[in-house]
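Everything on this sheet refers to the single structure shown next.
Computed from a prediction, not measured in an experiment: that's the story for all the values here.
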Amino acid sequence: MNYYETFLKLAIGMIGLIVQINLFGKGNLAPNNAIDLIQNYILGGIIGAVIYNPDITAFQFVLVLMIWTLIVFLFKYAKDHSYIIKNIIDGRPVILIEDGKIKVDEAMRLGLAADDLMLQLRQSGVTNLEQVHYAIREQNGQITLIKYDDNDFYLPVITNGNVNNHVLQLIGRDRDWIEYEMKRQMVKLRNVYLAEYIDGEVSFTLYKDTLKHDLWVKQNARLKEKKEAILAEVEQIIEDE
């Protein structure tokens, strides 16, 4: 075994991991969606497989890490800018209990056994289904409970400029209602970072201003262009070899 090359590959893998964590946020440290989880699994597999394979050079290792980083970036970018793609990748919250009654079809579709459901309810302090107004299975597998005596629960009707239709359905509202609320408060959808439904009203959290939001969009576009340029260079290098 060439210990120098092994050390070099380990160092490259460590740097690649740090770069991805800082580039894509700290979600890798505590995965709460499919992209973060898959990213960790595949990155670990890449690093582990390359270290013990003497046929793969350090330069090729760097190229593989760059390609994987670009792929993750493209998926995250698409997910953050398209509600449909986000639902395909992460899924969407599912109402399991409504007005104290279990939606058995939804629970079975998710592969959630009755024992597992009741265990999670007991862990949340629920001993009787009649206490539960809503129980929602989140994208990360956790269950969010809204009890009848909860008067201060918040629901995100808009996140990152995307309307959450399932939340509107949950609160018995439609898209016309949220558009009316935005018009009433003189808010544009593209400027909304977060909008919460609180006690029958909508509270908007905006990007600092339109210019700030536009700058954020432009920065993401430039970053995407850089990634595409890197991928083109990688493809050219591979073709030259």
Side-chain angles (χ1 to χ4, degrees), residues 1-93 111 138-142 159-162 190 193-194 207-208 210-241:
M1 176 183 290
N2 188 333
Y3 291 102
Y4 170 77
E5 187 172 359
T6 300
F7 173 81
L8 180 60
K9 289 179 179 179
L10 279 171
I12 292 172
M14 178 67 72
I15 293 172
L17 182 59
I18 293 172
V19 168
Q20 286 204 7
I21 289 175
N22 285 282
L23 184 62
F24 300 129
K26 308 300 182 182
N28 310 60
L29 304 179
N32 58 8
N33 59 63
I35 290 292
D36 290 337
L37 195 61
I38 294 172
Q39 178 185 350
N40 287 348
Y41 283 153
I42 295 184
L43 185 59
I46 290 172
I47 295 174
V50 169
I51 287 173
Y52 295 105
N53 190 339
D55 295 329
I56 300 177
T57 65
F59 177 70
Q60 291 172 326
F61 185 24
V62 172
L63 293 182
V64 171
L65 287 178
M66 291 172 62
I67 293 171
W68 176 239
T69 301
L70 176 62
I71 291 173
V72 173
F73 170 80
L74 292 176
F75 270 98
K76 283 181 174 287
Y77 183 87
K79 183 171 71 77
D80 291 341
H81 291 79
S82 172
Y83 182 77
I84 295 175
I85 295 177
K86 178 178 174 61
N87 279 344
I88 293 174
I89 294 176
D90 290 341
R92 62 182 184 84
E138 304 291 355
Q139 293 99 321
N140 63 356
Q142 300 297 316
T159 54
N160 297 323
N162 294 308
R190 69 186 183 92
Y193 176 72
L194 175 67
Y207 296 98
K208 287 187 178 180
T210 304
L211 292 177
K212 178 73 173 179
H213 180 253
D214 290 343
L215 178 61
W216 178 79
V217 172
K218 290 178 181 178
Q219 287 175 339
N220 275 277
R222 285 198 296 268
L223 185 58
K224 182 181 179 182
E225 291 175 358
K226 290 180 180 178
K227 296 294 183 182
E228 290 175 347
I230 291 173
L231 180 59
E233 290 179 4
V234 170
E235 291 176 349
Q236 185 62 44
I237 292 172
I238 293 174
E239 289 178 1
D240 292 341
E241 290 186 348

- Message: Quick check: closest heavy atoms across Phe61 and Ile46, and the distance to 0.1 Å?
- Response: CE1-CG2, 3.9 Å

- Message: If I take atom OH from residue Tyr77 and atom CG from residue Leu70, how far apart are they, to the nearest 0.5 angstrom?
- Response: 13.0 Å

- State, with a plain yes or no, whether a side-chain heavy atom of Ile85 is found less than 4.5 Å away from one of Phe75. no

- Considering all heavy atoms of both residues, which atom of Leu8 and which atom of Ala58 are nearest to each other, and what is their separation? CD2-CB, 3.7 Å

- Query: Say you draw a straight line from CD of Gln20 to CG of Asn40; how long is it, rounded to the nearest 0.5 Å?
  - Reply: 8.5 Å

- d(Thr69 OG1, Leu74 CG) to nearest 0.5 Å is 11.0 Å

- Task: Mind running side chain to side chain contact (heavy atoms under 4.5 Å, CB included) on Leu65 and Leu43 for me, showing each step along the way?
- Result: CA-CA 8 Å; Leu65 287 178; Leu43 185 59; 3.6 Å; yes

- Message: Which heavy atom of Val50 sits nearest to which heavy atom of Lys9, and what is that distance?
- Response: O-NZ, 3.1 Å

- Here the pair of heavy atoms bringing Glu5 nearest to Thr57 is OE2-CA, 3.9 Å

